[in-house]
Amino acid sequence: MSWVFLGRTVVFKMKKPVRFPFLDFSTLERRQRNCEAEVHLNRRLAGDGYEGVIALRCDPAGQLTLGPTGEIVEWLVQMRRLPHQEFLDERMRTHRLHRHDIVELAERLARFYRDAPPAIDDGEAYLRHLRVESDVNRHVLLSQPSLGVDASRTHIALNAVDALLDQWTPVIRERIAGGFIVEGHGDLKPAHICLLHPPLVFDCLEFDRNMRLLDPYDEVNLLGLECAVLGNHWVSTLLLDEVARTLGHRPDRRLIATYGAFRAILRARLCLAHLLEEGGSDKARWIHQAKRYLALAEHEVAMASG
């Protein structure tokens, strides 16, 4: 959806002129609005890491410029370049992640969720999102047998997640009515977290608010699962415990595992979507990742059913 240009101290992000069922960047005006929304929303957890929106212009000589004159031909999100070695995924890869890093991150996230207005009136969008995405998961994962995913095992996992969502829908509705569903980040994962002081969380899902409406424990648990996929299984429990210390209203562990199973299957689907979009490049990597997420989904289903 975007091109990203990395400078020594600055990053520019330019939206592609694309249209999908879930977003429309087809006009310059729409891309400008999306850039402005991205900066506004990401400043909630990344602060001045997002410096603003800047016009890309074409001057009278036909040269592209970031200067003040010329016809505006595109809009860019301007960000401060963050130290790669401090990203959460890189910290895990180089075995430099410590307990106090996760505690500080969890405290930041918990305050963010605590201060977010409850989404009581439009909280049903969260349940609709779970259902719609579950249907898309089924379509993508079962319609591409040539991609090497075990269709029989995947079918069992998909059915189990649908049954669990049915089972927990009344409880999720109670959490909506209780004000526990809020507008979160929407795409919380290790590659979007820089462990500075305080931690910066960036690249939220800015183009659809309905996808940001969620149970905080769903979002935090997903981050824990992503860390587990990268070999750091201890992170999930610590994250959930520390968030619960500030936020309270922690749901039943089986509901959290239901969230986890759904999210793991969704991640598997996105791996295959990457593969389809890229025309087969890096096929082994994406299939391997999809299988890891599906195995994780099976584990979460077992936890939710226990």
Side-chain angles (χ1 to χ4, degrees), residues 1-82 84 87 112 116-117 119 122 125-126 128-129 132-133 136 140 182-189 191-194 200-214 219 266 269-279 281-282 286:
M1 296 179 289
S2 303
W3 289 289
V4 178
F5 303 90
L6 302 176
R8 287 195 305 165
T9 62
V10 70
V11 174
F12 294 112
K13 187 174 183 181
M14 183 166 71
K15 308 297 180 181
K16 296 179 180 179
V18 294
R19 178 187 293 159
F20 297 116
F22 51 89
L23 63 80
D24 186 351
F25 293 170
S26 59
T27 69
L28 182 62
E29 182 183 6
R30 288 178 182 273
R31 294 194 293 278
Q32 178 187 3
R33 288 202 303 267
N34 183 265
C35 288
E36 291 167 349
E38 179 170 351
V39 171
H40 170 72
L41 290 165
N42 276 292
R43 281 179 171 167
R44 298 175 302 167
L45 282 167
D48 63 1
Y50 279 74
E51 298 178 339
V53 178
I54 186 171
L56 178 65
R57 300 173 185 267
C58 184
D59 68 18
Q63 298 296 310
L64 293 175
T65 175
L66 299 178
T69 60
E71 178 188 0
I72 296 174
V73 295
E74 199 52 81
W75 293 93
L76 309 173
V77 173
Q78 180 173 324
M79 296 172 279
R80 173 163 58 96
R81 184 159 187 183
L82 303 173
H84 177 68
F87 283 25
F112 167 66
D122 48 4
Y126 176 47
R128 289 195 297 272
H129 173 71
V132 168
E133 293 301 314
V136 178
V140 173
V182 300
E183 182 179 346
H185 181 276
D187 196 20
L188 193 62
K189 53 189 177 184
H192 294 167
I193 295 169
C194 190
L200 301 185
V201 184
F202 57 96
D203 210 12
C204 80
L205 198 158
E206 84 285 345
F207 52 81
D208 189 340
R209 181 174 182 269
N210 289 338
M211 293 185 180
R212 297 191 304 274
L213 294 177
L214 42 72
E219 183 155 79
L266 177 58
R269 168 193 127 198
L270 294 177
C271 288
L272 297 188
H274 277 296
L275 177 57
L276 293 170
E277 289 169 5
E278 294 171 12
S281 67
D282 214 1
W286 289 119

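- For H185 (side chain) and V201 (main-chain N/O), no donor-acceptor pair under 3.5 Å exists by modelled atom type.
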- Check against side-chain contact (heavy atoms from CB on, under 4.5 Å), N42 and V77: CA-CA 11 Å; N42 276 292; V77 173; over 6 Å; no

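- Looking at L64 and E74, their side chains never come closer than 4.5 Å, going by heavy atoms from C-beta outward.
- Panel note: side chain E38, backbone D203; no donor-acceptor pair is recorded below 3.5 Å.
- Within 6.0 Å of CZ on R19 lie no more than 12 heavy atoms contributed by other residues, nucleotides or ligands.
- Under a 3.5 Å cut-off, the side chain of R57 and the backbone N or O of G67 do form a donor-acceptor pair.
- Within the 3.5 Å criterion, the main-chain N or O of R8 finds no donor-acceptor partner in the side chain of R81.
- Taking 4.5 Å as the limit, every side-chain heavy atom of L56 sits out of range of all side-chain heavy atoms of I72.
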- Which is it for H129 and N210 under the side-chain hydrogen bond (donor to acceptor under 3.5 Å, both in side chains) test, yes or no, and what are the steps along the way? CA-CA 7 Å; H129 173 71; N210 289 338; over 6 Å; no

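- Residues F207 and F22 place their aromatic rings such that the two centres sit under 6.0 Å apart.
- Side-chain atoms of E51 and V10, non-hydrogen and from C-beta on, do get closer than 4.5 Å to each other.
- A donor-acceptor pair under 3.5 Å links the side-chain atoms of R43 to the main chain of Y50, judged by distance alone.
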- Message: What verdict does the side-chain contact (heavy atoms from CB on, under 4.5 Å) test give for F112 and V182, after you've listed the backbone C-alpha separation in whole Å, the side-chain angles of each residue and the deciding distance to 0.1 Å?
- Response: CA-CA 10 Å; F112 167 66; V182 300; over 6 Å; no

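- Side-chain contact between C194 and F87: present, with at least one pair of heavy atoms (C-beta onward) separated by less than 4.5 Å.
- By the 4.5 Å heavy-atom criterion applied to side chains, W75 and N34 are not counted as neighbours.
- With contacts defined as side-chain heavy-atom distances shorter than 4.5 Å, the pair V18/L23 qualifies.
- Side-chain contact between R80 and V11 is absent, with no heavy-atom pair separated by less than 4.5 Å.
- The salt bridge (Lys or Arg N to Asp or Glu O under 4.0 Å) with E206 is formed by just one residue from the set K15, R33, R44; it is K15.
- Inter-residue side-chain proximity for P17 and R31 is flagged as met; some heavy-atom pair is nearer than 4.5 Å.
- When atom types are taken as modelled, the side chain of D59 and the backbone of G70 share no donor-acceptor pair closer than 3.5 angstrom.
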